[in-house]
J.: 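Have a look at this one.
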Amino acid sequence: MIYLDGSRFFFDIEGCFSKSVEQARELNKEIEGDKYAKELCAGFAKFFGTKPEFVKAGKDYSTVLNGIFASEPKMLVFEHDISAENYSASFGAKPVVLKKAPDMKIRIQALADAVNENEAEAVFLTNPCCPTGLEVSAEDIIKLCSDTNAKIIVDESYCVDESVSVLKYLPEYENLVVLKKMRFGGNSVFACGKGLAEFDCCISAADQAAGKVIFEHDSALKTAQRKLIDSRDSLYIRIKKLAIKYDAIERLYRTKANCVFFKVKEAEERAKKLMDMGISVYCKDGYFCIFAGDKDENEAVLKALETVLK
């Protein structure tokens, strides 16, 4: 079975340093981990170029969001945003789901107005969005921080180009929080923001040790980023050619994330056919989202996709 549905990450970062990672895990498997994962957060801060005191870590989104908010906030999220819909509800928030226009773009002034009209305490944006692949500019996010008092949660876990990150603006805005899920060390989630309270990370000592090894050998992370961009770009170009060839693809969106999003006629039926062929892709409300895989996975998925589009 090939999974390009977002449930797996194609590049095994820990595998690049398997011996060191295994040793670190073994040495730390019986001890209690640092409650605040300070060394792990320091490694994250060094790699991404932010201040260590801005960084907190948690074993998952629920842990991090519960650490950020003292109570359950009223939160605005957008449809067609997997992280926002799933994780805002997972820790007890009261999400207000906003509709998107057919172009799937977010209008910041309209969002700011919605924050004030709904008296929302927070906004959750995945940027670039998963699954649409579209991004909100850094300028728009900063405008939103300036025009509202709500806490602006920006999840950059699907970002493949760090030049568009808003991490550099953290010192200037008290209400800006950036999340990043790292796909190693137990898939920990990092929260970055000015003045975030300390909270129990719930990350095991073994996972903390494994994560520290990877941050000490950041070449693996940089290689993963390059490979992800190359895979995504190749996948998009090939699907664009299919969109020209077959009218079953009604609309293709120019992706900035690690996936390709497009509207498909009879999407659910075609997704079932793909599943029968051993291919799992994300399908919802008439749209496909295919996440970047390795070369062989992409090739197999594209071959199967062309078969079901005919």
J.: Taking only residues two or more places apart in sequence, or in another chain, which ones meet Lys99 in a salt bridge (Lys or Arg N to Asp or Glu O under 4.0 Å)?
T.: Glu79
J.: Go through the structure and list residues passing side-chain hydrogen bond (donor to acceptor under 3.5 Å, both in side chains) with Asp218, not counting sequence neighbours.
T.: none
J.: Quick one: list whatever passes salt bridge (Lys or Arg N to Asp or Glu O under 4.0 Å) with Glu162, sequence neighbours left out.
T.: Lys180
J.: Look at Lys143 together with Glu139 and state whether they make a salt bridge at an N to O cut-off of under 4.0 Å.
T.: no
J.: Under a 3.5 Å cutoff, is there a donor and acceptor pairing between the side chains of Asp60 and Ser62?
T.: no
J.: Indicate whether any N or O donor in one side chain lies under 3.5 Å from an N or O acceptor in the other, for Asn298 and Ser234.
T.: no
J.: Between Phe184 and Phe215 (judged by ring centroids, cut-off 6.0 Å), do the two rings come close enough to count as a pair?
T.: yes
J.: Step by step, work out the salt bridge (charged side-chain N to carboxylate O under 4.0 Å, His left out) result for Asp103 and Arg107.
T.: CA-CA 11 Å; Asp103 64 5; Arg107 274 70 181 178; 2.8 Å; yes
J.: Asp207: what forms a salt bridge (Lys or Arg N to Asp or Glu O under 4.0 Å) with it, not counting sequence neighbours?
T.: Arg25
J.: Using the six-membered ring wherever Trp is involved, compare the ring planes of His80 and Tyr287 and label them parallel, tilted or perpendicular (cut-offs 30° and 60°).
T.: perpendicular
J.: Glu299 vs Lys303, test: salt bridge (charged side-chain N to carboxylate O under 4.0 Å, His left out). Steps then yes/no.
T.: CA-CA 6 Å; Glu299 193 65 39; Lys303 184 178 179 180; over 6 Å; no
J.: Please say whether more than 12 non-hydrogen atoms of neighbouring residues, nucleotides or ligands are located less than 6.0 Å from NZ in Lys240.
T.: no
J.: Which distance, rounded to the nearest 0.5 Å, do you find between the CG of Asn175 and the NZ of Lys151?
T.: 7.0 Å
J.: If hydrophobic residues (ILVMFWY) are linked whenever their side-chain heavy atoms come closer than 4.5 Å, directly or via other members, who joins Val164 in its cluster?
T.: none
J.: Walk me through whether Phe288 and Tyr282 qualify under ring-ring contact (aromatic ring centres under 6.0 Å, His included).
T.: CA-CA 6 Å; Phe288 274 9; Tyr282 176 86; 9.5 Å; no
J.: Please verify the inter-ring angle class for Tyr158 with Phe291; under 30° counts as parallel, over 60° as perpendicular, anything in between as tilted.
T.: tilted
J.: Say you draw a straight line from CG of Leu134 to NZ of Lys105; how long is it, rounded to the nearest 0.5 Å?
T.: 7.5 Å
J.: Looking at Phe262, does the NZ or CZ of Arg251 lie under 6.0 angstrom from its six-membered ring centre and within 45 degrees of the ring axis?
T.: no
J.: Mark yes when over 12 heavy atoms from residues, nucleotides or ligands other than Asn149 sit less than 6.0 Å from its CG; otherwise mark no.
T.: no
J.: Are Phe17 and Phe44 joined in one hydrophobic group, where the rule is that I, L, V, M, F, W and Y side chains link up if heavy atoms are under 4.5 Å apart?
T.: yes
J.: Is there any salt bridge (charged side-chain N to carboxylate O under 4.0 Å, His left out) pair reaching into residues 40-52, and which pairs are they, with sequence neighbours excluded?
T.: none
J.: List the steps, then state whether side-chain contact (heavy atoms from CB on, under 4.5 Å) holds for Leu242 with Arg238.
T.: CA-CA 7 Å; Leu242 292 178; Arg238 297 280 297 277; 6.0 Å; no
J.: Examine the side chains of Ser157 and Tyr61 and answer whether a donor and an acceptor come within less than 3.5 Å of each other.
T.: yes
J.: Check the pair Thr255 / Arg232 against side-chain contact (heavy atoms from CB on, under 4.5 Å), numbers first and verdict last.
T.: CA-CA 8 Å; Thr255 181; Arg232 187 276 316 274; 3.2 Å; yes
J.: Residues two or more places apart in sequence or in another chain: which of them pass side-chain hydrogen bond (donor to acceptor under 3.5 Å, both in side chains) with Thr223?
T.: Arg226
J.: Can Val77 and Met75 be said to form a side-chain contact (heavy atoms from CB on, under 4.5 Å), step by step?
T.: CA-CA 7 Å; Val77 304; Met75 182 178 286; 4.2 Å; yes
J.: Scan the side chains in residues 121-128 for donor-acceptor partners under 3.5 Å anywhere in the protein, sequence neighbours excluded, and list what turns up.
T.:
from, atom 1, to, atom 2, distance (Å)
Glu121, OE2, Lys74, N, 3.0
Thr126, OG1, Asp81, OD1, 2.5
Thr126, OG1, Asp81, OD2, 3.4
Asn127, OD1, Val136, N, 2.5
Asn127, ND2, Val136, O, 3.0

J.: Partners of Glu306 by salt bridge (Lys or Arg N to Asp or Glu O under 4.0 Å), sequence neighbours excluded?
T.: Lys245
J.: Under 4.5 Å between side-chain heavy atoms, chaining through other members, with only Ile, Leu, Val, Met, Phe, Trp and Tyr counted: pull out the rest of the cluster around Met275, sorted by chain and number.
T.: Met1, Tyr3
J.: Can you list the residues that meet the side-chain hydrogen bond (donor to acceptor under 3.5 Å, both in side chains) rule with Asp5, with sequence neighbours excluded?
T.: Ser7, Ser280
J.: Please determine whether side-chain contact (heavy atoms from CB on, under 4.5 Å) holds for the pair Lys56 and Val64, giving the CA-CA distance in whole Å, both sets of side-chain angles, and the decisive distance to 0.1 Å.
T.: CA-CA 8 Å; Lys56 306 293 182 283; Val64 166; over 6 Å; no
J.: Which pairs pass salt bridge (charged side-chain N to carboxylate O under 4.0 Å, His left out) with one or both residues in residues 183-206, sequence neighbours excluded?
T.: Lys38-Glu198, Glu174-Lys194
